[in-house]
Amino acid sequence: MQQCQQILVEWLAQMGLTLHSEKTRITHTLHPHAGKVGFDFLGFTVRQFPAGKHHTAHNAYGTPLGFKTLIQPSQTSIQRHQQKLKQILQRHQASTQSQLIDALNPVIIGWSNYFSTGVSSHAYQGLDNWLYLQLKNWATHRHPRKSQHWVAQRYWLIDRGEGWRFAASTPEGIQRLARHSHTAIQRHVKVQGQRSVFDADWIYWSTRMGRHPQVNQRVARLLKRQQGKCAVCHLFFKDRDLLEIDHFIPRAQGGKDEINNLQLLHRHCHDVKSANDSR
Ligand SMILES: [Zn+2]
């Protein structure tokens, strides 16, 4: 393996690059090397596991390799995430349950979404179990004289088929704590980042699909045609921008009210164009 490193060093040198000696580590992704297996990258651990004939990966010729590659959240990432959740719990010792859930949910959802492209369900389950114990401490700490049963009734409810959920009743309805394990694992992410058709970013979805349930059909078609960019300033529209449909040839000058004569502009860009049109 030292030979591998030497080859790599020479190859990089041709391009004027060197290996960072402190950051370079030789590792093996299947068998322990110097007490370690695999490597961590962007919060994931990449390593291989021995696998039988049904689970093994195959090489390009279809020959079984006897192992498979798994990309999982690294131990460091999990510990850092737990640390963050713990800090939130400490900061919210005197808050309402609803405030605590508000603080925890974005962290749980954000972390789970980040790792949803890897083999993460085992880690998710572990984190949910761990968090349950932390919440139990949080809740019993607030009511030292009450029974476990009372505390459970006060802070948890039973969802059908879901078991116990940490949930608060608020004027807007029941507010549940998010679960890591509710994040679907997406092995092949085809859409940008963590988008869902149900999120509020209608510009992204209209641009991608040319339609969106909540967007005027003409706006959606124009967004797709203009690839999400304003026809005047050529900047991407953002979620909160005010958009207006403009007649390329103004109606006053005989322009038709047809899709081919329409373009989508920022409101402020439209104002500038209208002023110029009427000059
Ligand atoms: Zn613009």
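Both ligands and their constituent atoms are indexed starting at 1 by order of listing.
Within a 6.0 Å sphere centred on NE2 of H141, other residues, nucleotides and ligands contribute 12 heavy atoms or fewer. In H143, the NE2 atom is crowded: over 12 heavy atoms of neighbouring residues, nucleotides or ligands sit closer than 6.0 Å.
Vertex the Zn ion (ligand 1); arms to C230 atom SG and H266 atom ND1; angle 100° (nearest 10°).
Side-chain contact check for N261 and H247: no donor-acceptor pair (N or O, by modelled atom type) lies under 3.5 Å.
Put simply, C233 gets within reach of the Zn ion (ligand 1), with an N, O or S atom under 2.8 Å from it. The Zn ion (ligand 1) has no N, O or S atom of H234 under 2.8 Å away, backbone or side chain.
Taking CG from L242 and CD from E244, the interatomic distance works out to 7.5 Å, rounded to the nearest 0.5 Å.
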